[in-house]
There are 2 protein chains.
Amino acid sequence: MTDIAKAVGISRQALYLHFPTRAELLIATTRHIDSIKDVDARLADSRAATSGRARLASFISAWGSYIPEIHGLSVALRSMCDNDAEAAAAWDGRMQAVRHGCVAAVGALAADKMLRADLNEDMATDLLWTLLSVENWEHLVRDCGWSQAEYEGQITRLSEAALLVKN
Amino acid sequence: MTDIAKAVGISRQALYLHFPTRAELLIATTRHIDSIKDVDARLADSRAATSGRARLASFISAWGSYIPEIHGLSVALRSMCDNDAEAAAAWDGRMQAVRHGCVAAVGALAADKMLRADLNEDMATDLLWTLLSVENWEHLVRDCGWSQAEYEGQITRLSEAALLVKN
DNA sequence: TGTCAACTTTACATCGTGTCAAGTGATTGA
DNA sequence: TCAATCACTTGACACGATGTAAAGTTGACA
């Protein structure tokens with residue numbers, strides 16, 4: 001809080017006049033970033049897709065390219081989740097939003113009869129959701145040094161391998 | 001530290017006589033768990049495997065079933081990584097050990113000419129390492145409510161889909 | 001009997017979050 | 001024009017956690 005106040009050019013106490021807690025500041029920041037980066041527009045392509053497979057690819061691309069934009073914030077928010085129920089709820093809410101996208105993509109695949117027979121929609125959604133986690137992005141891009149393009153390419157391939165009927 | 005001391009039945013200060021910092025206590029605990037759970041024995045199957053594919057499956061099973069045993073500790077250790085370089089190094093060391101297992105499994109696949117042509121061994125290792133992350137286990141088992149068997153089954157299938165040449 | 005090791009109690013420094021109170025200065029509305 | 005109000009300031013403090021320091025207790029062992 002001290003650092004943020006310093007960066008903004010006000011006193012630490014003044015920060016508390018705007019945001020009652022550190023968690024609320026971070027949550028407000030996520031809302032602000034969302035409105036600036038216009039998540040809805042990014043997902044428009046995905047919703048407009050005609051085939052299930054196109055919808056999946058488009059959703060992965062939209063979310064995958066959004067991750068780097070929110071990554072710093074996500075680190076801060078996640079590190080608070082242990083001690084702060086409000087922060088945990090905020091993070092969980094964001095992840096549930098991603099899950100809804102996964103549900104939609106999996107539903108579109110199922111409608112196309114493209115979903116593997118040995119997966120129900122719930123498990124397929126869980127798998128896709130897991131593959132698309134921020135942690136996996138961090139691991140591949142930050143820790144392993146992959147480019148964003150490599151990440152998106154491999155995760156798309158892997159998601160298709162995970163969910164689609166053979167051939 | 002207060003809670004641990006209370007649980008052990010000694011004073012908080014006495015804890016500091018044994019472990020200079022909280023991080024060192026956690027690190028010592030990982031060493032202790034390793035020696036008790038005998039990681040080497042768990043990996044023996046994997047090292048004895050004759051085919052690359054068997055080695056992969058066996059490694060996934062060994063590590064995948066080890067994750068729940070160290071999960072609580074891994075949460076504690078990871079939550080310190082932000083502030084504590086020593087804890088970060090300890091966690092990284094553990095994960096590098098897992099990576100070595102991935103390298104060996106990928107190498108065995110490559111030796112069998114079973115590795116996809118569009119993956120070099122490094123990227124294949126990165127992918128497998130990512131799939132086998134503790135975070136993915138947490139996500140599927142803890143957050144999505146999967147059983148350990150479902151986790152191991154799907155991760156094995158997914159790893160094969162990710163790495164193996166198409167049939 | 002004396003020494004040493006393990007442990008105890010007590011006290012304190014530091015850091016971060018969050019609270020509280022009193023004061024300042026500029027805008028605004030009657 | 002005067003007073004209220006708003007946004008901010010400074011300064012102090014409580015709390016919890018980690019870690020340090022010092023002096024005292026207890027029991028084993030030589």
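Not measured: the values here are computed from a predicted model. Residue numbering restarts at 1 for every chain, and letters A, B, ... go by the order of the sequence lines. Every heavy atom of this structure was used, including side-chain atoms; hydrogens, water molecules and symmetry mates were not.
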(message) Just the rounded figure in Å: distance from P of C:dT17 to CG of B:Asn83.
(response) 11 Å

(message) Using a 3.5 Å distance criterion without hydrogens, assess whether the side chain of B:Trp63 forms a donor-acceptor pair with backbone atoms of B:Leu132.
(response) yes

(request) Measure from the side chain of A:Ile10, starting at C-beta and using heavy atoms only, and say which of D:dT9, C:dG18, D:dG19 lies closest. (result) D:dT9

(request) Among D:dG19, D:dC8, D:dT10, find the nucleotide with the atom closest to the side chain of B:Thr21. (result) D:dG19

(message) If I take atom CZ in residue A:Arg12 and atom C1' in nucleotide C:dC15, what distance separates them, rounded to the nearest angstrom?
(response) 11 Å

(request) To the nearest Å, give me how far apart CE (A:Met1) and P (D:dC15) are. (result) 20 Å

(request) Could you check how far CG of A:Asp84 sits from P of D:dG16, rounded to whole Å? (result) 16 Å

(request) Examine D:dT9: is either OP1 or OP2 under 4.0 Å from a nitrogen or oxygen in the side chain of A:Ser11? Give yes or no. (result) yes

(request) Specify the separation, in whole Å, of atom OH of B:Tyr16 and atom C1' of D:dA22. (result) 17 Å

(message) Rounded to whole Å, how long is the line connecting atom CG of B:Leu17 with atom P of C:dC4?
(response) 18 Å

(message) From C-beta outward on B:Gln13, which listed nucleotide comes closest to its side chain: C:dT9, D:dC8, D:dT18?
(response) C:dT9

(request) Please report, rounded to the nearest Å, how far the P atom of C:dG16 is from the CG atom of B:Asp82. (result) 14 Å

(message) Which label fits A:Trp137 and A:His71: parallel for a plane angle under 30°, tilted from 30 to 60°, or perpendicular past 60°?
(response) tilted

(message) Please determine whether a side-chain nitrogen or oxygen atom of A:His18 lies at a distance below 4.0 Å from atom OP1 or OP2 of D:dA7.
(response) no

(message) Does this structure show an ion pair linking B:Glu69 with B:Arg42, if we count only N-O contacts that are shorter than 4.0 Å?
(response) yes

(message) Expressed as a whole number of angstroms, how long is the span from B:Leu26:CG to D:dT18:P?
(response) 10 Å

(request) Look at A:Arg94 together with A:Asp34 and state whether they make a salt bridge at an N to O cut-off of under 4.0 Å. (result) yes

